[in-house]
Amino acid sequence: MKQFLSAHDVSDIKALVQRALEHKAAPQANKDFGAGKRIGLLFLNPSMRTRLSTQVAAQNLGMEAIVFNIGSEGWALEFEDGAIMNGTTVEHVKDAAPIMGNYFDILAIRTFPSLKNREEDYSERYIQQFVKYAGIPVVSLESATLHPLQSLTDVITITENWNKAHGPWTMDHGQKKPKVVLTWAPHVKALPQCVANSFAQWINAWGEAEFVITHPEGYELDEQFTRGATIIHNQDEALKDADFVYVKNWSSYQQYGQVLNNDPSWMLTLEKLKSTNDAKVMHCLPVRRNLELSDEVLDSSHSIVTQEAANRVWAAQAVLEAILKEGK
Amino acid sequence: MKQFLSAHDVSDIKALVQRALEHKAAPQANKDFGAGKRIGLLFLNPSMRTRLSTQVAAQNLGMEAIVFNIGSEGWALEFEDGAIMNGTTVEHVKDAAPIMGNYFDILAIRTFPSLKNREEDYSERYIQQFVKYAGIPVVSLESATLHPLQSLTDVITITENWNKAHGPWTMDHGQKKPKVVLTWAPHVKALPQCVANSFAQWINAWGEAEFVITHPEGYELDEQFTRGATIIHNQDEALKDADFVYVKNWSSYQQYGQVLNNDPSWMLTLEKLKSTNDAKVMHCLPVRRNLELSDEVLDSSHSIVTQEAANRVWAAQAVLEAILKEGK
Amino acid sequence: MKQFLSAHDVSDIKALVQRALEHKAAPQANKDFGAGKRIGLLFLNPSMRTRLSTQVAAQNLGMEAIVFNIGSEGWALEFEDGAIMNGTTVEHVKDAAPIMGNYFDILAIRTFPSLKNREEDYSERYIQQFVKYAGIPVVSLESATLHPLQSLTDVITITENWNKAHGPWTMDHGQKKPKVVLTWAPHVKALPQCVANSFAQWINAWGEAEFVITHPEGYELDEQFTRGATIIHNQDEALKDADFVYVKNWSSYQQYGQVLNNDPSWMLTLEKLKSTNDAKVMHCLPVRRNLELSDEVLDSSHSIVTQEAANRVWAAQAVLEAILKEGK
């Protein structure tokens with residue numbers, strides 16, 4: 001793997017999932033593999049789960065990880081070509097990125113969208129400029145429109161639970177596929193579309209699910225990610241016979257960055273889960289309890305959100321290993 | 001040891017002190033003991049000495065330590081059960097703690113009291129919720145009411161100095177016990193009772209000192225910690241023949257969190273030390289010079305505050321080792 | 001080497017440069033050398049390149065590095081002797097430094113000047129107090145008036161490029177020396193004189209260059225650093241036949257900390273470089289593009305700023321190694 005920015009960077013998702021599950025079974029079996037290799041974790045925006053799980057993954061491979069919080073450590077980067085830098089930015093990405101490329105073997109970056117300029121956000125200019133100038137493999141720790149480490153984790157978690165219930169998928173897939181439903185949830189803030197875009201992209205690329213997306217009108221996601229999924233605006237209908245329900249809020253893509261709807265009836269409840277196939281409930285976390293998801297669901301056996309978050313380590317570990325392999 | 005929140009978690013304080021002094025004599029003799037084990041250091045409040053000494057201790061045992069500053073890295077945790085999270089908190093401890101429990105082998109946490117609601121502070125709800133939900137051993141890096149790593153360090157430091165002057169304590173304790181005096185000192189801010197509570201709890205549990213506490217009226221500490229000590233409001237009388245004087249400010253427990261007194265005559269001076277048995281002076285640091293403690297005392301041979309702070313490493317190292325041993 | 005605060009701490013600059021280039025050729029060849037040794041990186045002011053390169057250097061030597069950001073982690077240090085600490089400072093350097101000296105084997109510190117009180121800044125009281133009280137070797141990560149790791153890097157980078165073009169310097173120096181020009185550049189903010197002072201000090205101490213400094217009137221640097229260099233106020237004249245042009249802004253030393261001039265004609269351009277000997281252009285970074293240095297220069301083959309920044313690692317590695325050797 002040369003970089004890890006989206007599902008398109010992975011040639012065989014099922015093999016990567018399999019490898020992640022092997023890491024889970026033996027976390028430190030490859031402790032020498034990354035010896036002497038170094039990853040820089042660069043946060044233009046804050047992170048908890050992603051930072052910790054990637055640090056743990058790097059350590060499990062014997063790599064050295066160095067964290068740098070650009071914002072709180074006082075670095076304002078310039079991304080505009082040709083800018084006359086007499087304002088607040090202190091360094092151009094053209095100068096900063098190649099230095100990171102000299103200090104590290106892999107550069108991992110988190111950036112958030114502005115949610116103001118859709119074209120700019122969807123061009124992924126921040127992370128793409130690091131790719132352009134760093135000269136080493138770049139890993140997304142969530143970018144303006146995607147969150148691939150989360151989505152790989154989600155496919156791992158679905159696979160793990162489905163295998164446990166039904167036995168491993170066979171080579172000829174002679175089995176019922178799980179029904180996976182991505183449902184929009186209310187929130188008080190305007191959130192990025194990243195996790196939803198990315199989940200859709202990965203479930204489609206993975207190809208092992210019957211995939212349904214449900215949300216209020218006006219919350220249609222970018223078709224480049226959702227194409228292949230069934231989109232239903234009636235949540236009750238969408239949830240019917242679901243095996244996995246993925247809960248997530250996002251702001252509008254069409255009326256870009258706006259909150260069009262706060263209807264609390266979209267919050268998932270135990271009552272709504274009755275029509276499912278005893279569905280497992282997923283969320284990338286952090287979750288606003290009793291706003292996005294009720295206590296009764298999160299504290300029930302339906303919830304696999306802790307397992308999902310814990311699996312972040314194995315996703316990161318499989319990705320870092322694959323990138324180091326490419327370079328060997 | 002299953003956890004380390006207070007003196008009650010230690011079955012044999014003297015043995016733990018002895019082990020810490022062995023670590024001091026050979027800091028990296030157990031460099032393989034913690035290999036592959038990982039500690040998360042979670043700071044809801046800032047720390048310097050505690051963070052650094054615990055990182056050093058973990059490294060001495062060959063463990064990997066990952067630091068996360070919850071506040072400055074932008075995480076607002078919710079601790080209220082059943083909260084509708086439509087405000088400023090982004091994640092519930094019920095969701096965050098079990099993930100930490102998956103990423104780490106030991107979780108160490110610092111939280112401060114509000115000093116507004118005594119009942120809430122003394123319930124230790126923050127650290128107790130981590131204990132409840134993390135599913136791994138929790139170490140206090142100072143909590144709302146106690147600071148056990150500091151107090152263990154203090155017992156280590158007293159032992160070390162007493163042994164040096166009088167030879168090691170014998171099995172039958174056929175020796176004079178040192179007189180240890182905890183004295184209140186003035187300060188400009190309202191400080192927690194943690195260090196004083198904890199020192200009292202540990203000196204009492206340790207049982208090897210003649211223990212006196214002195215403070216102005218209105219500064220009585222919670223009896224659950226001080227019971228067993230002699231409490232004297234006259235500082236001069238308390239200091240008489242002292243072998244160790246522990247200086248610390250705290251705000252009122254009864255008129256909770258208030259500063260009732262700023263009387264500079266409570267500041268320890270060389271003059272006051274004349275009636276002691278050439279006492280060693282201790283302080284947990286940071287110390288406000290010439291407010292809590294005069295330069296003349298801190299810069300004299302009475303002061304053992306640097307030795308005390310340095311001993312923080314060996315206290316942490318003995319505790320982490322004991323917890324890892326429990327899990328092996 | 002006992003400490004690393006300025007060129008005066010290095011007995012043989014050329015040997016140190018040579019050692020750094022050996023580290024560059026084999027970064028992790030000495031991975032066991034620093035095993036069990038620990039460096040504390042203490043930032044009273046923010047840093048990116050310096051922090052990362054020093055961490056990488058320490059790891060290359062097998063040392064453990066612990067970073068502490070004093071400002072953002074909430075520590076306000078007192079540096080005034082005899083202060084009555086009833087204000088905002090929470091700990092005196094007299095108490096903090098010796099503790100660092102107990103936790104670490106080497107203490108590395110970054111401090112900035114106030115640019116308000118020249119006498120105070122040029123006394124280097126902050127870093128000198130750490131030297132006085134820490135009791136272990138201190139490394140400057142940039143202090144009020146100097147930036148020695150940057151300057152050592154600069155000499156390494158000049159050596160490397162000159163050797164590449166002309167073959168290694170021989171023992172008898174029977175070769176033309178490179179012409180090195182330090183030129184002032186415009187900026188919107190009042191910057192320290194550190195990098196310029198330090199560059200002048202090192203190039204003079206190194207003694208292998210024809211050294212010219214050019215700046216507008218009023219920007220004369222402290223003579224203790226520049227003595228030995230030719231100072232010319234006409235930039236065009238200074239640049240003639242230059243082999244290396246070092247670009248840097250600084251505020252006035254005489255009208256201390258003031259910005260006297262913002263003349264954009266001082267910005268280096270390709271046109272100006274025509275009279276040079278196809279000069280290599282250097283800058284310590286971060287650089288304000290199109291203010292200090294034009295895109296056309298930075299994006300041309302004249303620029304060696306990335307190589308220069310990358311060389312920070314080898315400078316730090318040679319220094320840490322030399323200090324550890326002293327202690328062995």
Side-chain angles (χ1 to χ4, degrees), chain A residues 32 34-44 46 55 58-59 62-109 129 132-136, chain C residues 24 26-29 31 41 43 45-60 62-65 67 69 71-73 112 186-189 191 262 264 267 283-296 298-299 303 305-314 316:
Chain A
D32 294 332
K37 298 293 179 183
R38 198 170 283 124
I39 184 170
L41 305 175
L42 206 65
F43 292 93
L44 283 80
Q55 275 188 281
Q59 290 179 345
M63 299 180 73
E64 286 159 347
I66 294 182
V67 173
F68 192 77
N69 293 308
I70 289 234
S72 67
E73 303 195 47
W75 226 253
L77 284 177
E78 177 65 53
F79 289 88
E80 199 69 54
D81 247 339
I84 298 167
M85 291 172 57
N86 56 7
T88 54
T89 57
V90 303
E91 181 151 28
H92 203 286
V93 66
K94 281 167 101 165
D95 299 311
I99 295 165
M100 304 289 171
N102 273 283
Y103 292 167
F104 302 115
D105 299 290
I106 299 178
L107 183 60
I109 302 169
Q129 295 224 59
K132 184 171 173 187
Y133 295 114
I136 55 170
Chain C
K24 183 168 185 170
Q28 303 193 4
K31 195 83 187 182
L41 304 175
F43 292 93
N45 297 94
S47 163
M48 190 262 263
R49 240 163 306 275
T50 300
R51 197 201 99 178
L52 296 179
S53 61
T54 310
Q55 275 187 281
V56 169
Q59 289 179 346
N60 281 345
M63 299 181 75
E64 286 158 348
V67 173
N69 293 307
S72 67
E73 303 195 47
F112 282 172
H187 203 285
V188 283
K189 289 179 62 182
L191 298 191
N262 244 325
M267 184 174 76
H283 189 287
C284 62
L285 303 186
V287 61
R288 299 262 190 154
R289 282 178 171 250
N290 303 313
L291 179 66
E292 290 176 85
L293 256 174
S294 59
D295 277 343
E296 59 170 19
L298 279 165
D299 297 337
S303 170
V305 300
T306 297
Q307 178 191 348
E308 187 185 354
N311 281 342
R312 294 290 306 272
V313 173
W314 323 116

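Protein chains get the first letters and strands the later ones, always in sequence-line order, with residue 1 at the start of each.
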> Where does C:K189 contact chain A at under 4.5 Å (heavy atoms): side chain, backbone, both or neither?
Replying inline: neither

> What part of C:D299 lies closer than 4.5 angstrom to a heavy atom of chain A: side chain, backbone, both or neither?
Replying inline: side chain

> Do you know the tightest heavy-atom contact between A:M85 and C:V287?
Replying inline: CE-O, 3.9 Å

>> Out of C:Q28, C:K31, C:R49, return the one with the most heavy atom pairs under 4.5 angstrom to chain A.
In response: C:R49

> Using a cut-off of under 4.5 Å for heavy-atom pairs, which of C:V305, C:L52, C:D295 has the most such pairs with chain A?
Replying inline: C:L52

> What pairs with C:E296 under salt bridge (Lys or Arg N to Asp or Glu O under 4.0 Å), at least two apart in sequence or on another chain?
Replying inline: none

> Of all heavy-atom pairs between A:A83 and C:N290, which one has the smallest distance, and what is that distance?
Replying inline: O-ND2, 2.7 Å

> Cut-off 3.5 Å, side chains only: do C:R312 and A:N102 have a donor facing an acceptor?
Replying inline: no

> What's the shortest heavy-atom distance between C:V56 and A:Y103, and which atoms?
Replying inline: CG2-O, 4.0 Å

> Would you call C:M48 and A:I99 a side-chain contact if the rule is heavy atoms closer than 4.5 Å?
Replying inline: no

>> What I'd like to find out is whether the side chain of C:Q59 reaches to under 4.5 Å of the side chain of A:R38, using heavy atoms alone.
In response: yes

>> For C:Q307, give me all partners under side chain to side chain contact (heavy atoms under 4.5 Å, CB included), at least two apart in sequence or on another chain.
In response: C:K24, C:T157, C:E160, C:N161, C:I304, C:N311

> Picking from A:T89, A:I84, A:V90, what satisfies side chain to side chain contact (heavy atoms under 4.5 Å, CB included) with C:R288?
Replying inline: A:V90

